[in-house]
Every structure is written in C-alpha cells, then in structure tokens.
Amino acid sequence: MAGEVDEGGPATGGLLGWVERAGNRLPDPATIFVGFCALTMVVSWLAARLGVAVVHPVTGKTVVAVDLLSADGLRTVLSGLVTNFTSFAPLGTVLTVMLGIGVAERTGLLAAALKASLVGVPRWAVTPAVFFAGMTSHIAADAGYVVLIPLAALLYASLGRHPLAGVAAMFAAVAGGYAANLFLGAIDPMLAGMTQEAARLMNPTYTVLATANYYFLSASVVLLIGVGWFISDRIVEPRLGPWRPTGDVPVLTALSPLERRGLRAAGIAVLVTAVGVAVLTIPAGAPLRDPASGDLKPFWASLVGLLMILFVMPGIAFGIVTGSLRSDRDAVRMMGEAMATMGPYIVLAFFAGQFVAWFRQSELGLILAIRGADALRAIHLDGAPLMVGFMALSALIDLFVASASAKWAVMGPVFVPMLMALGWSPEVTQALYRVGDSVMNCVTPLNPYFPIVIVAVRRYAPETRLGTLLAAMLPYSIGFGIAWCAFIVLWVTAGLPPGPNAPLHYPP
C-alpha cells in the first residue's frame, strides 16, 4: 500500500516513548487518589505544626491550616466517609444522565443517529461532516470512539480515500475536540460539579451550572471544524499518499427502512419532549421559573434530569419501532447495564470525594490558592500569559493522566480558588482547563481508546503502527492548541461570557 508507514514496532524512543513508559508505570486513578488523601493528611499535620496561615482576601479573616491527624481531625475524617461520597457533586449528576444514555445506546438509537449523520454527505463536505459528527458525539459519552472511528475508516475507504485519513479526522474530532459540542453531555455536569466544589473553598455558596461554558464551547465547534478541515485535506491526507486497496472496496450501506422509521419516531419523541419542557419553562409563572424573580434558575437546576429524559424518551420510541425494546423490563435492563459500566467511576468517585472533602477541611486548598495568587501578582502574571500558561499546564498533565475528571478533581481545588483570588470566575478557569485537556487527547498514548483506533486502521492497512498514527495526529494537536488558545484569549478579552449566567470575573 502506498503512503508513509512505520515498518517497525511501536515507538519506544524519544519523548513519546518516554511518556508511554512513564504512563504505564502509573497506578490506577483510584489508587492515586488514595495517595492524595494520605498526602493531604500528612501535609495538614505539618502545616498546622508550622503555623501556616493566610488572610482571606475577601473576608479579611485569618485562615489557619487544620491538622487532620489530630483527634478532632480524625473524628471529622472517619465520620464523614459516607457523606463525603454521597455529597460528591459529580456522582449523582453523571449516574442520572447515564440512565438515559443507557436506553438510547442499547436500543440502537445512538448508532443509527450517528450513522445517519454521515451517510449520503456530498464528497466535498465529507471532512467537515466527520468533524461535526465527532464533536457532537460527545452527548453519547464515548460512543464516538467505538462507533464513529470505524465508521469513518469505512466511509473514506468506500470513497477511495485513505482510511487512515478518515480515522485521523474522526479521532481528532472526538478526542482533540473533546470539549467542543453544540449539546450538553455527561462530562458537562460532571466537571461543573467539581468546579463548584473547588469554588466553594473560596465562596461556600458559589454555584456552577452544567452550562457554564456552553457559549464558548459551542462556538469552538465552528472554529475546530475549520481548522481540522484545513489540516486534514492540506496536511494529513496528502502526506499519506494514495490508498491502493488489496481487496474489494467496502461499501457504506444506508440506514435500513426499520432504522429510518425508528429515527422518525425518535425525532417525534424529541419534539414532544422539547415542547413539554418549553411549556414548563417559557410562560410566566411556569413551574421551571422562579416564583419570586421569574428567572430560569429552576430550569438550570433541573437540566441534568431533563437531559436524562431527553435520552430516555427517543430511546424508548426508537426501541419500540425497531423491536429492540419489547417491554418495560428491557428498558430497566438497559439502564442497569449502563450502571454496570459505571462501576470503575463509582470507585474513583469514592476516593475523589474523600480527597476533595479532606482538602477543603484542612484549608490547604484555600491557603495554596491565596499564596499562589499572591505569587502570581508578585511576578505580574495575569491576563493572556496566565491563561496560556494554565492551558499549557493542563495539556502537559494530559500526557500522564488521561481522565479529564481525575485531573480536574486534583487541579480544580488548587487553581479555581487561585484564579478567583486573581479576579477570574470559576467558569473561565474551567473553560481554560477544558481547552488544555482536550488538545492532547489525540496524541497521548495513554488514551484508552488507542487500541480501537489502531484496529480500525489495520482493517484496511495492516502494517500501520502506533508511530504512523501519532505522526498523523500531531498536526491536529498542534493546530487545535494554537487556534483554540488564541480563540479563548480573544473571547475573554472581548468580555464575552463563557455560558449563560456565567460571569467572566469574580466577584461578578
């Protein structure tokens, strides 16, 4: 087959090889949080012995480090194990949304909808359509990796184009554009909950909505489609050269009549659900408006539950029409299967919840934030340099820890209060983090979906190895990083809010 192909084994030298070896030595994320919990207790003891204290910049009160290894501290730690877990903000929101996604995914609705978004697209529009489908697939959690990447290889091969070019474009959209989306997905309430927990180290009543970054991230879809389109058609695909299939050229089949009827039924269900939400929200005095002020705070507070319903209703409609759902028992079973897949996350949430609670109780997060803000002020690092530096740090850490929620559970309690002390809102800090976290996802060998990507390519180009894939993905990571960083700096400089009811500055 023509094109540049790495004939050797996976890359083991240089920076990427070092990152892969170092990453493979890391323990499980849950174990990492156990270590953070232990470290928090030890550091709190040491800080209390040293009399570490700071003056709160807002209240003017002195904040003193709390010893978690003292008698009072141990009582607080042990008595709070259950409540630290159950009150961990992302846990309930993620599990609630996953109930709906479980029905939509297992009835076949998500696969059919994603397939329909690509089949029949004009040849010139294939690349932007791939990027659009990849970024909007985030509403279905990780379905884009499993469904769309193999589909992109099949689509490009059926058009006589290099399958690796299709895989690279889709992988860049799903992984490199992970934060960009026109619709809210499970990751939005998850990260918002963590950001809220971190913000409350500084302000105990601060609230962060799931839509905290919606304006900025939805606008980012347009930006990344343009950047990705240019990189795909002008850099990556020309470098690969022509594709010469050794067997029959695959054909991408259209949706079956049954799938089409199911999608029509699902569309009607979405419309009916949307009308119902509108009736509950738009009129004056509607149940999802605040009775006193008339604002939409109850609507935003209900958003997680509404997202769950928005997945369940079309999923049921699709399943009834296609026969994949024959009774209420099937729907309950699908929800149970979705919950079964969340087992590792629940374990992680237990230890992450303890770390966040202990970090707050020790006052270490607030002390670090105030001291860090003072240090940044002393070197006059603020504005664009501060934003770019924080995004670069997030991207660097992504090479070692692939989980967005695991990284944010560690970084959030430090950087959210720190940037609040410098006048930046938690919503802006979260947006900066999401940009930095996303752009490296398609080049880090620690991405757990790399095997799926390799398998999708090797179906058509058996000699493809990790080095070939990384060489194809690096231009996307660099291009997305430069363009997205510049975009968010311009966005914030222009004074645009990152999302509805999301201020740029703290205090607002």
> Closest heavy-atom contact between G177 and L224?
Replying inline: CA-CD1, 3.9 Å
> Tell me the salt bridge (charged side-chain N to carboxylate O under 4.0 Å, His left out) pairs involving residues 170-180, sequence neighbours left out?
Replying inline: none
>> To the closest 0.5 Å, what do you measure between CD (Q354) and CZ (F33)?
In response: 11.5 Å
> How far does CE of M190 sit from CG of L95, to the nearest 0.5 angstrom?
Replying inline: 9.0 Å
> What is the distance from atom CH2 of W424 to atom CG of L419, rounded to the nearest 0.5 Å?
Replying inline: 8.5 Å
> So, do L217 and L182 sit near enough that their side-chain heavy atoms are less than 4.5 Å apart?
Replying inline: no
>> Using side-chain heavy atoms (C-beta onward) and a distance below 4.5 Å, is L109 in contact with F311?
In response: no
> Would you say W229 and R234 make side-chain contact, with heavy atoms under 4.5 Å?
Replying inline: no
>> How close do W484 and S220 get, counting heavy atoms only, and between which atoms?
In response: NE1-OG, 2.9 Å
> CE/M440 to CE/M473 distance, rounded to the nearest 0.5 angstrom?
Replying inline: 12.0 Å
>> For R360, give me all partners under side-chain hydrogen bond (donor to acceptor under 3.5 Å, both in side chains), at least two apart in sequence or on another chain.
In response: E197
>> Considering only residues two or more places apart or on different chains, which pairs with a residue in residues 338-359 satisfy salt bridge (charged side-chain N to carboxylate O under 4.0 Å, His left out)?
In response: none
> Which atom names give the shortest non-hydrogen contact between Y156 and A169, and what distance separates them?
Replying inline: OH-CB, 4.4 Å
> Does any non-hydrogen side-chain atom of Y215 lie less than 4.5 Å from one of P498?
Replying inline: no
> What are the two closest non-hydrogen atoms of I225 and P128, and how far apart are they?
Replying inline: CG2-CB, 3.9 Å
> Which pairs pass salt bridge (charged side-chain N to carboxylate O under 4.0 Å, His left out) with one or both residues in residues 147-163, sequence neighbours excluded?
Replying inline: R161-D233, R161-E237
>> Please enumerate all residues that pass ring-ring contact (aromatic ring centres under 6.0 Å, His included) together with F487, with sequence neighbours excluded.
In response: F216, W491
> Nearest heavy-atom pair of V167 and A153: which atoms, and what distance?
Replying inline: CG2-CB, 3.5 Å
> Which atom names give the shortest non-hydrogen contact between A198 and P417, and what distance separates them?
Replying inline: O-CG, 3.3 Å
>> Looking at P507, is its backbone amide N or carbonyl O close enough to the side chain of H505 to form a donor-acceptor pair, meaning the two atoms are under 3.5 Å apart?
In response: no
>> Nearest 0.5 Å, please: how far is CD1 in I235 from CG in L240?
In response: 12.0 Å
> With C442, which of F480, F171, Y178 fulfils side chain to side chain contact (heavy atoms under 4.5 Å, CB included)?
Replying inline: F171
> Could you state the interatomic distance from CG (L191) to CD (Q196), rounded to the nearest 0.5 Å?
Replying inline: 13.0 Å
>> Evaluate L184 against Y214 for side chain to side chain contact (heavy atoms under 4.5 Å, CB included), listing each step before the verdict.
In response: CA-CA 8 Å; L184 296 178; Y214 179 74; 4.1 Å; yes
> Going through the distances and angles, do N441 and V174 end up as a side chain to side chain contact (heavy atoms under 4.5 Å, CB included)?
Replying inline: CA-CA 9 Å; N441 284 337; V174 175; over 6 Å; no
> Does N181 offer a backbone N or O that forms a donor-acceptor pair with the side chain of S218 under 3.5 Å?
Replying inline: no
> After noting the C-alpha distance and the side-chain angles of S232 and F131, does the key distance pass the side chain to side chain contact (heavy atoms under 4.5 Å, CB included) rule?
Replying inline: CA-CA 10 Å; S232 293; F131 275 92; 3.4 Å; yes
> If only atom types and distance count, is the side chain of T136 paired as donor or acceptor with the main-chain N or O of A133 below 3.5 Å?
Replying inline: yes
> Got a sec: does the CZ of F36 have more than 12 other heavy atoms crowding it under 6.0 Å?
Replying inline: no
> Does some side-chain heavy atom of W358 sit less than 4.5 Å from a side-chain heavy atom of L364?
Replying inline: no
> With a 4.5 Å heavy-atom cut-off, do M420 and L201 have their side chains touching?
Replying inline: no
>> For L310 and L306: C-alpha separation, side-chain torsions, deciding distance, then whether side chain to side chain contact (heavy atoms under 4.5 Å, CB included) applies.
In response: CA-CA 6 Å; L310 200 57; L306 295 175; over 6 Å; no
Side chains of residues 426-436: which donor-acceptor pairs under 3.5 Å do they make with residues two or more places apart or in other chains?
from	atom 1	to	atom 2	distance (Å)
E427	OE1	Y206	OH	2.9
E427	OE1	S425	OG	3.4
E427	OE2	Y206	OH	3.3
T429	OG1	S425	O	3.3
Q430	OE1	T195	OG1	2.5
Q430	NE2	N213	OD1	2.8
Y433	OH	A404	O	2.6
Y433	OH	W408	N	3.4
R434	NH1	D188	OD1	2.8

